Protein chains: 2
Amino acid sequence: MLMETEFAGAVQVQGRTHHTPGLPPATHATAISYYAPNAMIYAQGDTAGPLYQVAFGAVRICRLTADGRRQISAFHFAGEVFGFEATSEHHFCAESIEGTGIRVLRAATGDGYAGQILPLALAGLSRAQEHLLVLGRQNATERLAAFLLDLNDRQGNHEEIDLPMQRLDIADYLGLTFETVSRVFRRLKDARIVALPTARHVDILDLGALETLCE
Amino acid sequence: MLMETEFAGAVQVQGRTHHTPGLPPATHATAISYYAPNAMIYAQGDTAGPLYQVAFGAVRICRLTADGRRQISAFHFAGEVFGFEATSEHHFCAESIEGTGIRVLRAATGDGYAGQILPLALAGLSRAQEHLLVLGRQNATERLAAFLLDLNDRQGNHEEIDLPMQRLDIADYLGLTFETVSRVFRRLKDARIVALPTARHVDILDLGALETLCE
DNA sequence: CGACCTGTTGATTCTGCTCAATCAACGTGG
DNA sequence: CCACGTTGATTGAGCAGAATCAACAGGTCG
């Protein structure tokens with residue numbers, strides 16, 4: 001569905017004016033920067049400030065440890081806003097997953113906008129806390145079930161999920177290995193709870209069973 | 001160090017006027033409610049609104065799954081503010097760990113205060129994201145080391161840590177069992193990295209080693 | 001004192017990781 | 001067109017770390 005041109009960085013694209021979910025009121029369309037798949041939007045250690053909104057595509061927010069382990073703290077899709085930081089420095093990095101358009105909203109330092117930013121920050125906090133429960137207390141099957149239900153919600157509850165990210169990204173988000181993610185998909189398939197027409201497309205066959213799996 | 005009277009609920013105590021870390025400017029001292037150990041401050045499902053500040057004591061923010069597993073998303077100590085919610089309903093519950101004094105700050109709905117609340121919410125988000133890395137990608141030893149370093153920081157870097165919470169609380173915070181927490185303490189003791197004069201008091205003997213443990 | 005709670009330690013089990021092979025899809029270049 | 005290399009995904013075998021089950025010690029409180 002997206003352009004697959006090959007830029008290392010970003011390029012300006014004409015912005016559109018429609019309002020997407022998560023966009024604060026009184027924000028006007030700005031230019032959209034295009035990022036090729038797996039491009040860095042900001043890095044760990046970069047100066048923080050502006051907020052970013054996904055126009056199209058998908059973004060992963062991740063962090064690397066010294067020995068190469070990676071934790072993805074969140075995925076962001078069209079309409080969602082990311083880039084909040086408590087300090088002036090980014091503790092995580094943001095990367096495009098597929099070809100992705102990004103709007104830069106504004107510097108987050110303006111106090112007059114705090115009332116608009118606060119709900120977004122609180123939503124992010126809530127999502128992170130929810131994910132703590134998954135990482136701290138759920139097994140591999142429950143983790144993947146929770147992930148699929150989350151994606152299903154965010155993609156309109158059509159029970160047909162598009163996975164823009166590869167198995168390693170899912171694994172690093174769920175605190176598993178990509179082999180385990182693959183095996184759990186297999187188990188869900190064998191149990192006729194989901195179908196996998198392709199590796200990047202999931203049909204939910206038994207929504208109730210999936211919900212039961214993560215309580 | 002604290003009163004251990006036995007109230008099921010809270011009782012009003014005279015508030016003091018000094019400023020503690022994390023207290024937003026222009027907030028004046030209000031009455032302090034006293035909570036006995038293990039008292040509920042708010043429950044999962046309660047209506048959200050006001051923010052709370054720990055005057056003295058310690059609080060755990062936790063969530064239970066249907067089958068009884070528990071995840072503690074955060075601990076809060078004197079001066080810290082908690083009670084943020086993205087929706088009008090609490091998704092987590094807050095409980096006192098020991099005898100604890102709580103100030104109710106104000107209804108969080110006033111937009112004029114968003115500029116004061118936002119930094120606190122962002123700090124909470126940052127802490128939650130940090131904890132995602134611990135739960136998703138670190139082993140038992142690394143988790144406990146990170147926990148001890150965090151507490152050491154928050155208690156003034158004296159390398160003498162006071163643990164107000166029991167092993168089960170630590171376990172539910174770190175996504176482990178209390179037996180594993182106990183065993184890791186043993187290993188750190190055997191390695192002369194910490195000493196445990198009592199089960200609730202930790203002396204850090206080798207700060208560098210502890211820091212190396214969690215990269 | 002006895003009951004209970006917290007914490008420690010041991011034995012065993014099991015989930016998910018590591019290491020490794022295989023396969024399919026895709027792109028490139030001869 | 002096919003040979004080759006690469007990347008992503010799947011699957012298998014064996015292992016390790018943490019969970020589970022269980023026993024026990026020390027302290028506190030009725």
Side-chain angles (χ1 to χ4, degrees), chain A residues 4-6 36-38 58 60 65 67-71 97-98 134-147 162-190 194-202 213-214, chain B residues 4-6 36-38 60 65 67-71 97-99 134-147 162-190 194-202 213-214:
Chain A
E4 294 290 339
T5 53
E6 282 302 330
N38 299 306
R60 60 177 173 253
T65 62
D67 61 343
R69 286 175 288 182
R70 185 178 72 154
Q71 177 64 40
I97 292 172
E98 50 188 351
V134 173
L135 294 188
R137 285 293 170 224
Q138 311 220 118
N139 63 28
T141 308
E142 293 167 331
R143 291 181 199 206
L144 190 60
F147 175 68
D162 199 46
L163 298 175
M165 72 291 288
Q166 61 184 53
R167 295 292 185 267
L168 180 60
D169 288 327
I170 298 174
D172 285 346
Y173 177 66
L174 297 178
L176 302 169
T177 59
F178 64 85
E179 294 99 327
T180 297
V181 170
S182 188
R183 279 183 249 268
V184 174
F185 267 127
R186 188 89 181 81
R187 272 182 258 154
L188 294 178
K189 235 167 60 177
D190 288 349
V194 304
L196 283 169
T198 76
R200 299 298 186 91
H201 192 272
V202 182
L213 274 180
C214 45
Chain B
E4 293 291 340
T5 51
E6 281 301 332
N38 299 306
R60 60 174 173 255
T65 62
D67 60 344
R69 285 175 288 182
R70 185 178 72 154
Q71 177 64 39
I97 290 171
E98 50 189 350
V134 173
L135 294 188
R137 286 291 171 227
Q138 312 220 115
N139 63 29
T141 308
E142 293 168 331
R143 291 180 199 206
L144 190 60
F147 175 69
D162 198 46
L163 297 176
M165 71 292 286
Q166 59 185 49
R167 296 291 185 269
L168 180 60
D169 289 327
I170 299 174
D172 285 346
Y173 178 65
L174 297 178
L176 302 168
T177 61
F178 62 87
E179 294 99 326
T180 298
V181 170
S182 187
R183 278 183 248 269
V184 175
F185 267 127
R186 188 93 181 80
R187 271 182 259 154
L188 294 178
K189 235 168 59 178
D190 289 349
V194 304
L196 282 169
T198 76
R200 298 299 185 92
H201 193 272
V202 183
L213 274 180
C214 45

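Computed from heavy atoms alone, side chains included, the values below leave out hydrogens, waters and symmetry copies. Owing to the predicted nature of the structure, the values given are computational and were not obtained by experimental measurement.
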Tell me whether the OP1 or OP2 atom of [N] has a side-chain N or O from [X] closer than 4.0 Å.
| X | N | result |
| --- | --- | --- |
| B/R200 | C/dG7 | yes |
| B/R183 | C/dT9 | no |
| B/T177 | D/dA19 | yes |
| A/T180 | C/dC17 | yes |

Do B/R187 and C/dT8 have a side chain to base donor-acceptor pair shorter than 3.5 Å?
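No such pair is found, so the answer is no.
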Looking at the base of C/dG16, is there any donor atom on it, or on the side chain of A/R143, that sits under 3.5 Å from an acceptor on the other one?
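Such a pair does not exist between side chain and base.
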Are A/R137 and B/T65 linked by a side-chain donor-acceptor pair shorter than 3.5 Å?
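Distance-only check fails for A/R137 and B/T65.
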Nearest-nucleotide wise, let me know which of B/N139 and A/R167 is further upstream toward the 5' end of DNA chain D.
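Its nearest nucleotide lies further toward 5', so the answer is A/R167.
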Quick one: do B/R200 and B/E98 make a salt bridge, cutoff under 4.0 Å?
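So B/R200 does not pair with B/E98 through a salt bridge.
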Mind calculating the distance between [atom1] ([X]) and [atom2] ([N]) to the nearest angstrom?
| X | N | atom1 | atom2 | result |
| --- | --- | --- | --- | --- |
| B/L174 | D/dA18 | CG | P | 12 Å |
| A/F185 | D/dT11 | CZ | P | 12 Å |
| B/L168 | D/dA19 | CG | P | 12 Å |
| B/Q166 | C/dT8 | CD | C1' | 14 Å |

Whether the side chain of A/R69 engages the backbone of B/G136 through a donor-acceptor N/O pair (distance < 3.5 Å, no angle test) should be reported.
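No, the answer is negative, given that no donor and acceptor are paired below the 3.5 Å cut-off.
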Judged by atom type as modelled, is there a donor-acceptor pair below 3.5 Å linking the side chain of A/R143 to the main-chain atoms of A/L135?
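Yes; judged by distance alone, with no hydrogens or angles, the pair exists.
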Select base, sugar-phosphate, or nothing to describe what A/F178 touches, counting heavy atoms under 4.0 Å on all strands.
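Answer is base: heavy atoms of A/F178 come under 4.0 Å of a base.
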Among the nucleotides D/dT11, D/dA9, D/dT10, which one has an atom lying closest to any side-chain atom of A/L196?
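Nucleotide nearest to A/L196's side chain: D/dT10.
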